[in-house]
Amino acid sequence: YKVQKEAAEIAIEAQIAFAHSQYSNTHDKVLIQPLIKGGNVLTVIKDVAMENAPHLIVMGARGQRKSQLEKMVGTISSAVAEDLPRPVLLVPENQKFRPITQIVYASELLNSDNFELWSALELIKPFSPIVRYVHISRDHSKEEMARVEKMSRYQEDQNPALQLIFYQIDGKDIDEELKVFCQTYDP
């Protein structure tokens with residue numbers, strides 16, 4: 001256990017140094033608290049999140065399980081994202097660091113989406129990215145189009161400084177349509 005803890009401390013120090021080197025003008029505003037605990041991974045992450053009430057949880061994701069979500073992000077990561085009332089940023093294994101220049105926000109046009117999108121925009125404002133708001137439509141009804149338009153106007157009024165682009169895409173397979181969309185706009 002002692003060797004694992006020492007290795008974890010070295011890795012955390014390296015990650016903090018990397019974060020500060022990438023965001024040297026903002027690192028004094030971002031608090032990174034290294035913490036090493038033993039126990040059930042999911043339970044420990046949830047306990048620490050509930051104790052510290054972070055604004056954002058950042059996790060690595062390996063995606064070696066069975067469900068679509070678990071394949072994409074991993075069992076622990078998907079459980080944290082589903083169970084905690086905090087934003088979770090999942091970083092896939094072997095992902096190369098790139099500045100955040102654009103974000104895709106996928107929506108089901110739920111009533112809570114305005115708040116959820118506002119929360120996400122508050123987190124990413126310092127990066128000034130392009131935000132691509134995507135709704136995959138199975139029926140493309142007039143009612144659905146009106147809801148997209150209403151949400152678009154509301155968000156643009158609330159966030160005039162951000163570049164928000166709204167897309168309504170026809171498709172039956174949401175996962176596949178989002179994958180194609182993201183590949184199309186990958187810088």
Side-chain angles (χ1 to χ4, degrees), residues 22 41-42 45-46 49 54-187:
Q22 296 299 313
V41 176
L42 185 56
I45 291 171
K46 288 179 178 181
H55 293 123
L56 175 67
I57 298 170
V58 180
M59 297 182 65
R62 292 185 11 215
Q64 298 178 334
R65 299 294 179 206
K66 295 177 185 165
S67 76
Q68 274 303 103
L69 179 62
E70 289 172 348
K71 284 180 186 176
M72 292 184 337
V73 300
T75 305
I76 301 294
S77 305
S78 61
V80 170
E82 289 176 357
D83 293 348
L84 284 174
R86 301 272 181 251
V88 179
L89 174 61
L90 302 174
V91 181
E93 188 174 41
N94 299 319
Q95 180 66 37
K96 293 184 179 175
F97 175 80
R98 298 185 302 187
I100 298 171
T101 58
Q102 62 179 319
I103 305 271
V104 173
Y105 181 88
S107 170
E108 292 185 54
L109 299 177
L110 302 175
N111 290 333
S112 62
D113 275 358
N114 275 324
F115 175 75
E116 299 301 335
L117 181 56
W118 174 82
S119 297
L121 293 175
E122 287 299 306
L123 285 171
I124 62 172
K125 272 184 184 176
F127 302 103
S128 301
I130 297 169
V131 179
R132 300 183 190 282
Y133 181 103
V134 180
H135 174 66
I136 309 297
S137 175
R138 290 189 174 125
D139 62 5
H140 209 67
S141 69
K142 288 183 181 182
E143 178 185 282
E144 198 171 68
M145 291 173 65
R147 289 191 346 231
V148 169
E149 180 62 30
K150 181 179 178 183
M151 194 169 289
S152 169
R153 279 194 312 268
Y154 175 80
Q155 289 298 335
E156 288 168 350
D157 289 346
Q158 298 300 311
N159 301 286
L162 288 176
Q163 270 190 287
L164 291 166
I165 306 169
F166 289 80
Y167 301 85
Q168 187 163 348
I169 299 169
D170 290 327
K172 302 257 186 270
D173 185 340
I174 293 171
D175 292 338
E176 184 60 29
E177 294 297 334
L178 279 174
K179 180 180 173 183
V180 169
F181 183 86
C182 290
Q183 289 170 342
T184 301
Y185 290 99
D186 189 14

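Keep in mind that the numbers below use all heavy atoms, side chains included, and drop hydrogens, waters and symmetry copies. When a residue number appears, it is its place in the shown sequence, counting from 1.
- Between the CD atom in Glu156 and the CZ atom in Phe166 there is a gap of 5.5 Å [rounded to 0.5 Å].
- Across every non-hydrogen atom of Ala81 and Val88, the tightest pair is CA-CG2, 3.9 Å.
- Here the CZ-CD distance, from Arg132 to Gln163, works out to 8.5 Å after rounding to the nearest 0.5 Å.
- Here Met151 contributes atom CE and Leu164 contributes atom CG; the two are 12.0 Å apart, rounded to the nearest 0.5 Å.
- Evaluation of the ring pair (Phe, Tyr, Trp, His ring centres under 6.0 Å) rule for Phe181 yields Tyr167, Tyr185 as partners, not counting sequence neighbours.
- Applying the side chain to side chain contact (heavy atoms under 4.5 Å, CB included) test to Ile174 and every residue at least two apart in sequence or in another chain returns Ile136, Arg138, Leu178.
- In this structure, the side chains of Ile130 and Thr101 stay at 4.5 Å or more apart for every pair of heavy atoms.
- Side-chain atoms of Arg86 come within 3.5 Å of backbone N or O of Pro54 as a donor-acceptor pair.
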Item checked: Residue pair Tyr133, Ser107: steps toward the side chain to side chain donor-acceptor pair (under 3.5 Å) verdict -> CA-CA 7 Å; Tyr133 181 103; Ser107 170; 2.8 Å; yes
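- Within the model, atoms CG of Leu42 and CG of Asp83 stand 6.5 Å from one another, a figure rounded to the nearest 0.5 Å.
- Judged purely by atom type and a 3.5 angstrom limit, Ser152 has no side-chain atom pairing as donor or acceptor with the backbone of Val148.
- Looking only at side-chain heavy atoms (C-beta outward), Gln155 and Val131 stay at 4.5 Å or farther from each other.
- Atom CD of Glu143 has 12 or fewer neighbouring heavy atoms from other residues, nucleotides or ligands inside a 6.0 Å radius.
- Annotation: side chain of Glu144 is in contact with side chain of Gln168 (closest heavy-atom distance under 4.5 Å).
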